[in-house]
A.B. asks: 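Have a look at this one.
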Amino acid sequence: MNINMRPERIEELAVMLTRQRSVTETIEEQLVTEKVAHFFQGLDYYKEHPEDLITVLAPEDPWGRKSVISILRGKKDPSNKKTVILIGHTDTVGISDYGELKDFAHLPYELTEKLRDRKEQLPPEVQADLDSGDYLFGRGIFDMKAGNAIIMSLMEEIEKDLENFSGNIIYCAVCDEEANSIGMRSCVPKLVELRENNQLKYTALINTDYMTSEYPGDLNKYVYVGTVGKLMPSFYVVGKETHVGEAFKGLDPNQIIAELTKRINLNTDLCDVVEGEVTLPPMSLKQQDLKPEYSVQTAKTAHAFYNFATHYSTPDMVLEKMRGVATSAFAEVLKNINDQYAKYCALTERSYESIPFKVSVMTYNELYAAVREEKGKELDELLETNRQKWLMDESIDDRDYALKEVEWLQMMWTNQEPVIIVYFTPPYYPHIYVEGKTNQEKQLLEAVKEAVDTTETDYQLVYKKFFPYISDLSYAAAPKEVDAVEALKQNMPGFGVKYSLPLEDMQKLQLPVVDIGPFGKDSHKFTERLEKNYSFNVAPVLVQKTVMNLLK
């Protein structure tokens, strides 16, 4: 089958999508979804088969957002049930960083010219890219509307000659990737349903999200077979409040949080390493004490959570690592306080007695079990009442909700001694490691290799095992180990209540994944830009060949 994907058509579609502003968690997301739907409605196939254009609503969504699933069925061999899934998110991050140019943020040609007018104020690399004429600027054109345009153009070309096309393509244009991935999470059960109802044979899942340089001077262009995962280990610390005039009678939870951050933040000993590829080390995303007012009483509680990237570590493994870190951090703080108290007693000529606090660390599930043993079923009734109250409060997001459950549960416990509670804050993104152990994995690796080897280009194409950015790729599979799954469910407050994750359906999909995306720079910055030659000429060929190889 001859497929002629024209670079100018891909650019036209990319600009069309970019011109519709679609900042995540706004009603604008609906408008870009409608543009995608309108595009497919204009194709003859969908006029004949409107049932193959499916709208998937984001559940209980205040903005009424939705995703679109487009199914394209080949006519050459109806018995060929092989199906490739392609995904692309249609939302973008905000535009406040554009300042007075924010009205041009989503207008690529106009913004590029506006930036020329103030070129001298831009970094040298940006100036050089402007002068080259090789780049288009704009919020979302790089991340990732050009990627969607590649998929849409591919399907448009295939649709012209379905009589000679064997197999099927499913494209999910999903909302909300930049925030909570509710679009992809709501599409996963639908994908499982479509497979079962149509006896489809899913081969792999392809994302066309962006690709960029990994270090200064990096000339490589990457194809990522697999994806990084993410957990957010969290700590709720209960100290012992005191008057600042009696400092050594208390235990400051902020000091424990500070020690935790010292031991976790950018600690490369906590990196996952697989086949020479290394995750970024964990990094603090939030830390604060929970004292609501000013007074000279020290805080009683504090909390923090951290971004933890994974290549092989499962939730149960991360939980145990973090329990160990918490235990050593607590012990170090007690040692430091006792050392300082001994020095203070020597300075003031007072007798020294060791401060009485003990190291105490437990998981959320262990806390629940301890309180449940005390309160019985009454605890569950009270917890459910509070859950309903918290769920009605729209100002409480998934992360705040998890904290509220931990905070409330700990306050219900009769033991109010200092303790660190270790738990997970949503969201969770599983890593997917494509090793080549299964037939599906082997077929994807071979399909990508053949696509790369047969594509003539001056660019240096490089394979890597893990797409390094958190993305919707993660929802194509999930761990099946019981310990891993239970560690997540039992230690993520609000799981299945406030935060929904279709774990069982993800386990059913269990697909290998690849990201083959356009190239550009400065995603999430006002200098976000797309390099046109690779993005409109090379990446589309790689995507097309990979799809066709998977459908052989």
Side-chain angles (χ1 to χ4, degrees), residues 230-271 279-309 318-345 347 352 354-364 366-367 399-400 402-407 409-411 415-425 491 493:
K230 164 182 170 146
L231 282 158
M232 291 215 292
S234 308
F235 303 85
Y236 180 74
V237 179
V238 180
K240 183 66 70 175
E241 68 277 21
T242 186
H243 190 289
V244 293
E246 299 179 307
F248 288 106
K249 290 186 177 180
L251 179 60
D252 184 5
N254 287 315
Q255 188 170 354
I256 297 177
I257 290 289
E259 185 65 32
L260 285 167
T261 297
K262 177 183 174 184
R263 290 167 180 263
I264 296 173
N265 208 54
L266 299 180
N267 181 357
T268 54
D269 289 339
L270 295 171
C271 292
T279 62
L280 285 168
M283 191 163 192
S284 170
L285 286 177
K286 190 167 192 175
Q287 75 177 53
Q288 63 179 155
D289 69 53
L290 300 170
K291 182 181 169 184
E293 78 289 322
Y294 169 78
S295 73
V296 292
Q297 181 190 59
T298 61
K300 180 180 179 179
T301 58
H303 88 120
F305 56 77
Y306 305 82
N307 188 82
F308 195 106
V318 174
L319 193 69
E320 283 308 305
K321 286 180 185 178
M322 293 299 99
R323 185 203 290 268
V325 170
T327 300
S328 61
F330 203 145
E332 180 62 26
V333 167
L334 292 183
K335 178 183 181 300
N336 181 267
I337 292 173
N338 273 297
D339 288 348
Q340 295 302 323
Y341 185 45
K343 292 178 182 178
Y344 182 77
C345 289
L347 287 170
Y352 164 74
S354 176
I355 288 173
F357 306 120
K358 305 296 183 185
V359 173
S360 179
V361 177
M362 61 198 314
T363 65
Y364 173 81
E366 290 167 344
L367 172 66
R399 286 145 291 281
D400 296 331
L403 174 61
K404 281 191 173 293
E405 274 209 14
V406 179
E407 192 173 25
L409 192 60
Q410 191 277 329
M411 289 176 65
N415 184 347
Q416 290 297 301
E417 290 302 303
V419 65
I420 301 177
I421 310 298
V422 186
Y423 65 102
F424 291 120
T425 291
N491 292 286

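Quick note: residue numbers are just sequence positions, from 1. Computation of the quantities below employed the complete heavy-atom set of this structure, encompassing side-chain atoms and omitting hydrogens, waters and symmetry-equivalent molecules.
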A.B. asks: Among side-chain atoms of Glu405 and Tyr364, is any donor-acceptor pair under 3.5 angstrom?
C.D. replies: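 The answer is yes; a qualifying pair exists.
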
A.B. asks: Backbone N or O of Arg399 within a donor-acceptor pair of the Thr425 side chain at under 3.5 Å?
C.D. replies: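 Side chain of Thr425 to backbone of Arg399: no pair is present.
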
A.B. asks: In Å, rounded to the nearest 0.5 Å, how long is the span from CG of Asn415 to CG of Leu367?
C.D. replies: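 Reported to 0.5 Å precision, the distance equals 9.5 Å.
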
A.B. asks: Indicate yes or no: at least one non-hydrogen side-chain atom of Phe357 is less than 4.5 angstrom from one of Ile337.
C.D. replies: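 Of all side-chain heavy-atom pairs linking Ile337 with Phe357, none is under 4.5 Å.
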
A.B. asks: Taking side chain as C-beta onward, heavy atoms only, is Lys335 less than 4.5 Å from Asp339?
C.D. replies: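 Answer yes - side chains close enough.
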
A.B. asks: When rounded to the nearest 0.5 angstrom, what distance separates OG1 in Thr301 from CG in Asn254?
C.D. replies: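 So the gap between those two atoms works out to 9.0 Å.
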
A.B. asks: In Å and rounded to the nearest 0.5 Å, what is the CG to CG distance from Asn491 to Leu319?
C.D. replies: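 Between Asn491 CG and Leu319 CG, I get 5.0 Å after rounding to 0.5 Å.
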
A.B. asks: Report, as yes or no, whether the 6.0 Å neighbourhood of atom OH on Tyr344 holds more than 12 heavy atoms from other residues, nucleotides or ligands.
C.D. replies: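 Atom OH in Tyr344 is not packed in, count stays at 12 or less.
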
A.B. asks: Can you find a heavy atom in the side chain of Cys271 that is under 4.5 Å from one in the side chain of Thr279?
C.D. replies: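 SC-SC contact between Cys271 and Thr279 confirmed.
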
A.B. asks: Where is the tightest heavy-atom contact between Lys230 and Asn307, given as atom of each residue plus distance?
C.D. replies: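 Minimum heavy-atom separation between Lys230 and Asn307: NZ-OD1, 3.0 Å.
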
A.B. asks: Less than 4.5 Å apart, side chain to side chain, heavy atoms only: is that true for Asp289 and Val237?
C.D. replies: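 With C-beta onward as the side chain, the pair stays apart.
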
A.B. asks: Go through the steps for Gln297 and His243 under the test side chain to side chain contact (heavy atoms under 4.5 Å, CB included), then give the verdict.
C.D. replies: CA-CA 5 Å; Gln297 181 190 59; His243 190 289; over 6 Å; no

A.B. asks: For Ile421 and Met362: C-alpha separation, side-chain torsions, deciding distance, then whether side chain to side chain contact (heavy atoms under 4.5 Å, CB included) applies.
C.D. replies: CA-CA 5 Å; Ile421 310 298; Met362 61 198 314; 3.4 Å; yes

A.B. asks: Can you find a heavy atom in the side chain of His303 that is under 4.5 Å from one in the side chain of Val406?
C.D. replies: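 No, too far: nothing below the 4.5 Å cut-off.
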
A.B. asks: Would you say that Ile264 contacts Lys321 through its side chain, given a criterion of any heavy-atom pair below 4.5 Å between the two side chains?
C.D. replies: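 No, every pair of side-chain atoms sits at 4.5 Å or beyond.
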
A.B. asks: Is any side-chain heavy atom of Tyr423 less than 4.5 Å from a side-chain heavy atom of Leu403?
C.D. replies: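 Yes. Closest side-chain heavy atoms under 4.5 Å.
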
A.B. asks: Under the criterion side chain to side chain contact (heavy atoms under 4.5 Å, CB included), I'd like the reasoning laid out for Met322 against Thr363: C-alpha separation, chi angles, the key distance, then a yes or no.
C.D. replies: CA-CA 10 Å; Met322 293 299 99; Thr363 65; over 6 Å; no

A.B. asks: Do we see a donor-acceptor contact under 3.5 Å between the side chains of Lys300 and Gln416?
C.D. replies: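 The criterion, which ignores hydrogens and geometry beyond distance, is satisfied for Gln416 and Lys300.
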
A.B. asks: Can you tell me how far CZ of Phe305 sits from CD of Gln288, rounded to the nearest 0.5 angstrom?
C.D. replies: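 It comes to 8.5 Å.
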
A.B. asks: Given side chains that start at C-beta, do those of Lys262 and Glu332 come closer than 4.5 Å, heavy atoms only?
C.D. replies: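 Side-chain contact under 4.5 Å: no.
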
A.B. asks: How long is the span from the OG atom in Ser234 to the CG atom in Leu260, to the nearest 0.5 Å?
C.D. replies: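 Here the interatomic distance stands at 11.0 Å.
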
A.B. asks: Ignoring hydrogens, what is the shortest heavy-atom contact between Leu270 and Arg263? Give both atom names and the distance.
C.D. replies: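 Shortest heavy-atom separation between Leu270 and Arg263 comes out as CD1-O, 4.1 Å.
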
A.B. asks: Distance alone, cut at 3.5 Å: any donor-acceptor contact between the side chains of Thr261 and Gln287?
C.D. replies: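 Yes, because at least one side-chain N or O of Thr261 sits under 3.5 Å from a partner of the opposite role on Gln287.
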
A.B. asks: Spell out, as yes or no, whether a donor-acceptor pair under 3.5 Å connects the side chain of Ser295 to the backbone of Glu293.
C.D. replies: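 Side chain of Ser295 to backbone of Glu293, a donor-acceptor pair under 3.5 Å: no, none is there.
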
A.B. asks: Quick check against the 3.5 Å criterion: does Asn338 have a side-chain atom that pairs as donor or acceptor with the backbone of Ile355?
C.D. replies: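 A pair under 3.5 Å: yes.
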
A.B. asks: Rounded at 0.5 Å granularity, tell me how far OG1 in Thr298 sits from NZ in Lys240.
C.D. replies: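 Thr298 atom OG1 to Lys240 atom NZ measures 10.5 Å (nearest 0.5 Å).
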
A.B. asks: Restricting to ring-ring contact (aromatic ring centres under 6.0 Å, His included), what partner residues turn up for Phe235, sequence neighbours left out?
C.D. replies: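 Scan of Phe235 (ring-ring contact (aromatic ring centres under 6.0 Å, His included), adjacent residues dropped) gives Tyr306.
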
A.B. asks: The test is side chain to side chain contact (heavy atoms under 4.5 Å, CB included); show your working for Glu417 and Ser360 and say whether it passes.
C.D. replies: CA-CA 9 Å; Glu417 290 302 303; Ser360 179; over 6 Å; no

